[in-house]
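Report on the following structure.
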Amino acid sequence: MQTPKSGARRLRGVSYRTAVLLVAVCLLLPPFSRAERTKLKSGVNMFSTTQDVQLGEKLAKEVEKQYPLLRDKRVDDYLNTLGHKLAAFAPGPKYSYEFHCVNDKEINAFALPGGFIYVNRGVIEEVRDEAQLAGVLAHEISHVSLRHGTNQATKQHLWGTGFNVLGGVIGGNAVGAIASQLGESLAASTILLKYSRTAETQADILGTQILYDAGYDARALVQFFESVALENKGKKPLQFFSDHPAPENRIDRLNEEMDRLGGLPQEYTADSAEFREIRRITLSLPLPPSLGPKYLPVAPPEPASPSSTFRDYTGASFSARYPDNWEAYGQGDSVSLLPRIGAVRDAQGNPGTAYGVIVDIFQPPQWGTQKGISLAGASDLLVAGLQLSNPNLKVAGRPESMEVDGKPAISMKLVSVSPLGGQENDWLVTVFRPQGLLYFICVAPANNYEDYDPAFQKVIASIRLRK
């Protein structure tokens, strides 16, 4: 027979083992102090997902008629690679997303139903890094995933005809007729693109979740919105904020969502060499004739000799002087200083730079975390990246040390094929800045490079590095 004392000892032993087991289980469970991520639902919608795609396809044809697309395979391939990586984490219908770049400096982006997403080149040129561009794409993907466009169209129809349409009056033919009417012109699509503040909040939240799941800095979306708003303060309102009304307390709400997600992961992506190269390419491409530097489909006459009078350009980390009969295309540390017909098309119709100075920032892999990378090593990585997009680019001599505004710099001679035909001479100058490797490429055809070299020398000598 068990005595009360021995039973108590056994109970205490069972309790101890149970407690140990409970502690072990709790250690395996996620912390229950973290709230679940926000769950989002699409609104009422009388369109099918197939009709979303049909409507989007019809409107996409109107976009191509009315908007100047950049039509650069390198840029579109990059946007689609990045966009599909993000879209894989979007809930809801699995649309076959398409991403296109509009050849417009205006900062704007929009999405059509069914997954047709358009990003102005101005966004690529304005964002600080790949994470911010991913944030813009994730925001637009969220509008598609949550079917905000056809939800808006549904509400518009309900407001116009009464809520009894949900009782069965609306059938497939009626929905098709509405889709046809909406798709008659791009102007009608404003119904699909003018989202409420609630829809914008949803796109912010889901976009942040997509960024997090895809391994990006999930703060990048709101950081981009706020930096653009700050830079544009007191100026003409941007179309972007007309199409994307900023919800109240946007920063607070997204910070709350970050807390729900558990904060930033230990490792996340902020930037990439691919993005820096695509941004450099985008900045070097000409705008449509009515919007930017004129280019000709055949070899233009040689531009006028560089003026002996110079004017100032001020970027984020440098300033320089350039001939006053040239133009500056771009902004910040990503700019092309070109004669007015320095942007041309080659024999295959690809746009390029024949004369002028191209400036940009290159961030070597793991910039900011990798210690000890040398200026020469970073310059070699830059050249290797440039050669990926231009296999004709060759190093024409040993790199030489020089100084730019008293700082160590590298000078390197390169050769390539000019878009005008024949050989092109390129002078590459690199110098470290806190943001990365600041580089200048002076470009001219080999047969008259000497005519431009004095101007190039003055541009490089005029560089002043900013803190």
Side-chain angles (χ1 to χ4, degrees), residues 72 103 105 121 125 277 279-289 291-313 315 318 320-331 333-360 382-383 386-387 389-390 392-397 411-430 438-463:
D72 186 277
N103 195 10
K105 291 278 190 180
R121 66 182 289 177
E125 295 171 5
E277 175 63 9
R279 188 167 182 264
R280 183 195 68 78
I281 289 171
T282 304
L283 282 160
S284 71
L285 296 176
L287 286 163
L291 299 175
K294 182 179 181 181
Y295 62 88
L296 300 176
V298 295
E302 182 182 342
S305 298
S307 170
S308 59
T309 303
F310 278 50
R311 55 179 164 178
D312 295 326
Y313 176 82
F318 79 100
R321 294 176 62 77
Y322 64 99
D324 67 0
N325 61 345
W326 292 10
E327 298 290 338
Y329 301 106
Q331 57 188 347
D333 290 339
S334 297
V335 64
S336 294
L337 308 172
L338 311 178
R340 290 190 176 89
I341 56 173
V344 299
R345 288 190 182 275
D346 62 18
Q348 288 72 45
N350 299 312
T353 299
Y355 305 87
V357 180
I358 300 169
V359 189
D360 206 349
L382 167 64
V383 172
L386 296 174
Q387 288 173 327
S389 60
N390 180 9
N392 295 313
L393 186 67
K394 308 290 187 227
V395 177
S411 169
M412 195 180 302
K413 299 295 184 181
L414 310 170
V415 295
S416 185
V417 175
S418 172
L420 301 178
Q423 182 175 304
E424 170 186 284
N425 287 355
D426 302 311
W427 177 26
L428 171 66
V429 176
T430 60
L438 178 65
Y439 67 89
F440 301 78
I441 306 178
C442 303
V443 180
N447 59 2
N448 56 2
Y449 185 88
E450 291 184 0
D451 297 334
Y452 287 83
D453 187 57
F456 293 155
Q457 296 286 345
K458 290 180 181 179
V459 171
I460 299 301
S462 74
I463 297 169

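Quick note: residue numbers are just sequence positions, from 1. Model, not experiment: these values are computed from the prediction.
Listed by chain and number, the residues in a ring-ring contact (aromatic ring centres under 6.0 Å, His included) with Y449 are F456 (sequence neighbours excluded). Annotation: side-chain hydrogen bond (donor to acceptor under 3.5 Å, both in side chains) contacts of S334 (sequence neighbours excluded): R279, D360. Shown here are the salt bridge (Lys or Arg N to Asp or Glu O under 4.0 Å) partners of D426, two or more places apart in sequence or in another chain: there are none. Among residues two or more places apart in sequence or in another chain, the side-chain hydrogen bond (donor to acceptor under 3.5 Å, both in side chains) test is passed with N390 by S416. Under the rule for a side chain to side chain contact (heavy atoms under 4.5 Å, CB included), the partners of V417 that lie at least two apart in sequence or sit in another chain are N392. Considering only residues two or more places apart in sequence or on other chains, Q387 meets the side-chain hydrogen bond (donor to acceptor under 3.5 Å, both in side chains) condition with none of them. Annotation: side chain to side chain contact (heavy atoms under 4.5 Å, CB included) contacts of E327 (sequence neighbours excluded): R311, Y329, R340. Not counting sequence neighbours, the partners of D312 by the side chain to side chain contact (heavy atoms under 4.5 Å, CB included) test are R321. Residues satisfying the salt bridge (Lys or Arg N to Asp or Glu O under 4.0 Å) criterion with E277, sequence neighbours excluded, are R280. With sequence neighbours left out, N447 forms a side chain to side chain contact (heavy atoms under 4.5 Å, CB included) with P445. For S308, the side-chain hydrogen bond (donor to acceptor under 3.5 Å, both in side chains) criterion is met by no residue, not counting sequence neighbours. With sequence neighbours left out, Y322 forms a ring-ring contact (aromatic ring centres under 6.0 Å, His included) with no residue at all.
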Full working for side-chain contact (heavy atoms from CB on, under 4.5 Å) between V359 and L283 = CA-CA 9 Å; V359 189; L283 282 160; over 6 Å; no
Mind running side-chain contact (heavy atoms from CB on, under 4.5 Å) on I441 and L386 for me, showing each step along the way?
-> CA-CA 11 Å; I441 306 178; L386 296 174; 4.0 Å; yes
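Side chains of N425 and V415 form a contact here, defined as non-hydrogen atoms less than 4.5 Å apart. Looking at V443 and Y452, their side chains never come closer than 4.5 Å, going by heavy atoms from C-beta outward. Between C442 and Q457, the closest side-chain pair of non-hydrogen atoms is not below 4.5 Å.
Counting all heavy atoms, side chain and backbone alike, A455 lies closest to P306 at CB-CB, 3.6 Å. The two residues V357 and L338 come nearest to each other via the heavy atoms N-CD2, 4.2 Å. Heavy-atom minimum distance, S284 versus T353: O-OG1, 3.7 Å.
Once rounded to the nearest 0.5 Å, the distance linking CG of D72 with CG of L285 reads 5.0 Å. Between atom CG of residue L337 and atom CZ of residue F440 there is a gap of 8.5 Å, rounded to the nearest 0.5 Å.
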